[in-house]
Every structure is written in structure tokens, then in C-alpha cells.
Amino acid sequence: MSPDNPDRERPVDEPDQPPSPRTPDATPPEVDPSAGTAPGEFGPGHLPPSAAYGSSLELRFDEPRRPLRALATVLGAVLALAALGVPLGLLWAALAPDTPVLKTAEGAIYAEPQPEQPIAADGWFSLLGLAFGLLVALALWFVLRRRRGPVGLLAAVLGTLVAAPVAWQVGRRIGLATFERLLATAPAGQAFSKPADLRAGGVDWLLGVLPVPHGNLLLPAFGAAVMYTLLAGWSRWPGLRPEPEPGKFSWVSAGTPAPTAAPEPPAPDAAEPPRG
């Protein structure tokens, strides 16, 4: 062996042979899937870490985009919030004061020239409705974590729009039967009280079939929309949904190849390769 001929088994005067041309019938060498790959390379069946991370996020966060499940979520939230309008109405009826009235031949009139009880009833409903909307937005933000975004906002707004008229109707009917009975049977000059009702809000019917709330019945939806928008603006995740942190993500499931073993040291009697 000499510096001009590193191969000991090939004669010096033998020229270098060009590689044999590849024929169409030639088959590529078989690759052992269990064999390790060099660092930075990805063999068959293995995905780079970025592709594995992206596929995991796609499987985890594409589910909220399904329209049927999103619609079912909105309908379920609206029904649940409509049911919560019942205790809200009971609370309003308990806090709002009754208005004293006086029976006359023409009907019932206020016992005082300018009573404050109707104003207090509107005020209590406005405060309770606004607080209800804020709490609903907070609850839906944490309960529907996988539906954060337009679906969660729509559920909060529609749910509070339905819950407000329910609370109004439930609250105003507490003691209404007794008031109507006294109004019909009480003699002139008898004093009694009228249950709380709203004067700054109500429901109009569009085309006779579609109810449209107005006044302080819109305050719960207003509070829910404002709170949900603020929560979305303060969220630290761009997609509003909790995402796995890259530092804590495990690549074992992505089929990362195991590191190759270190090369064995040369034998003591092996010839040292030429050095240029």
C-alpha cells in the first residue's frame, strides 16, 4: 500500500472502474425498519418532530370545527341557560319590592303619587341580569374549553337572550294570581300590593312569530358578550384553546428512531489509513 494506492488489494496499474449502470430491473436494497438511522435523518415510518407535532395538534384541535357538534353545543348551552332563568327570576322577585296600590271604582291606582318601587324593580333586574351575563361568560369559557371562540360566544349570547325573558316571566308571576283576585273582588278603598314588573323592558313580536327582547332584557347578553370578548383578548393562546407546550411534548409516539451505537474502535493490528 502506498499513498497513491490506498487499497492494498488492488494493483497500482489497475485503473478505476466506473460504477455499473443501473438497469430498470434492478431492485433497491431492502431496508430494515428496525435499524437505526443517523441523527437528523428519518427512515421509513418515521416522521420528523415538526410533522409529528403538527399532526398531533391537528387531531386534537380540529374537532371543534365540526359543524354538527358545534350546533349541538350551542343548543345545549341555550337550554341550560334558559333553565337557569327560573332561579334568576325567583331571586329577582325576592329582592324587588312590591308596589302598594289602592282599589277604586275604575281599578287599582298607586297608593303614592310617585312610587319608587317600580324603579327599584327595574334596577334590581338590571343589576342581576348584568351579573348573570358576566358569570355565564366565565362559566362557558372554562366549561367549553374546546369550543372557545365564535361557538362559545354565540352560546353565551343566545343563552342569556333566552334566559332574560324566562326570568322576567317567572319573577312577575310570583304573587300575580293574588293581585288579580284582589283586583276583581276587593271593595273600593282597600289597599294591597302589586308584584314587581318591568317598565324599562319587554318583548316585541316581529311578524307576530319572532320574539325580540328590548330594554333591560338585553343587559344579560350585553354582559356576556363583553366578558367573553375580554377573556378572548387576554388569552395567552392564539387559538384560545389550551395547547401542549413544545418543551413538554413527548416524541416517543411519533416513532423517533433510537440513536445509533458508537463505532467500534479499530483493532490493534489494523493498518492506519494514509494521512494527506
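Just so it is clear, the structure is predicted and the values come from calculations on it, not from any experiment.
At least one side-chain heavy atom of Glu180 sits under 4.5 Å from a side-chain heavy atom of Leu176. Within the 4.5 Å cutoff, the side chain of Tyr110 has heavy atoms near those of the Pro118 side chain. Under the 4.5 Å side-chain criterion, counting only non-hydrogen atoms from C-beta, Val203 is not in contact with Val212. Proximity of Leu219 to Phe132: side-chain heavy atoms (C-beta onward) are nowhere separated by under 4.5 Å. The closest side-chain heavy-atom distance from Ile119 to Arg199 is below 4.5 Å. Using a 4.5 Å cut-off on side-chain heavy atoms (C-beta onward), Phe142 and Arg148 make contact. Counting heavy atoms from C-beta on, the side chains of Val162 and Leu81 never come closer than 4.5 Å. In this structure the side chain of Leu218 reaches within 4.5 angstrom of the side chain of Leu161, judged on heavy atoms.
Checked against salt bridge (Lys or Arg N to Asp or Glu O under 4.0 Å), Asp98 has no partners two or more places apart in sequence or in another chain. Residues passing the side chain to side chain donor-acceptor pair (under 3.5 Å) test with Arg181: none are found, sequence neighbours excluded.
The nearest pair of heavy atoms linking Ala93 to Gly171 is CB-O, 3.6 Å.
Annotation: Phe222, atom CZ; neighbour count of heavy atoms from other residues, nucleotides and ligands within 6.0 Å does not exceed 12. Within a 6.0 Å radius of CD in Glu116, no more than 12 heavy atoms belonging to other residues, nucleotides or ligands are found.
A continuous path of Ile, Leu, Val, Met, Phe, Trp and Tyr side chains, each step under 4.5 Å between heavy atoms, connects Leu128 with Leu198, placing both in one hydrophobic cluster. Note on Leu84 and Leu95: same hydrophobic cluster, where clusters join Ile, Leu, Val, Met, Phe, Trp and Tyr whose side-chain heavy atoms are under 4.5 Å apart, directly or indirectly.
Under a 3.5 Å cut-off, the side chain of Trp141 and the backbone N or O of Gly152 do not form any donor-acceptor pair. Between the side chain of Lys103 and the backbone N or O of Leu183, at least one donor-acceptor pair lies under 3.5 Å.
Connectivity analysis of hydrophobic side chains (ILVMFWY, heavy atoms under 4.5 Å, direct or indirect) links Leu71 to Leu75.
The distance from atom CZ of Phe125 to atom CG of Leu217, rounded to the nearest 0.5 Å, is 5.0 Å. Taken to the nearest 0.5 Å, the CH2 atom of Trp124 stands 14.0 Å off from the CD atom of Gln117. Atom CG of Leu140 and atom CE of Met227 lie 12.5 Å apart (nearest 0.5 Å).
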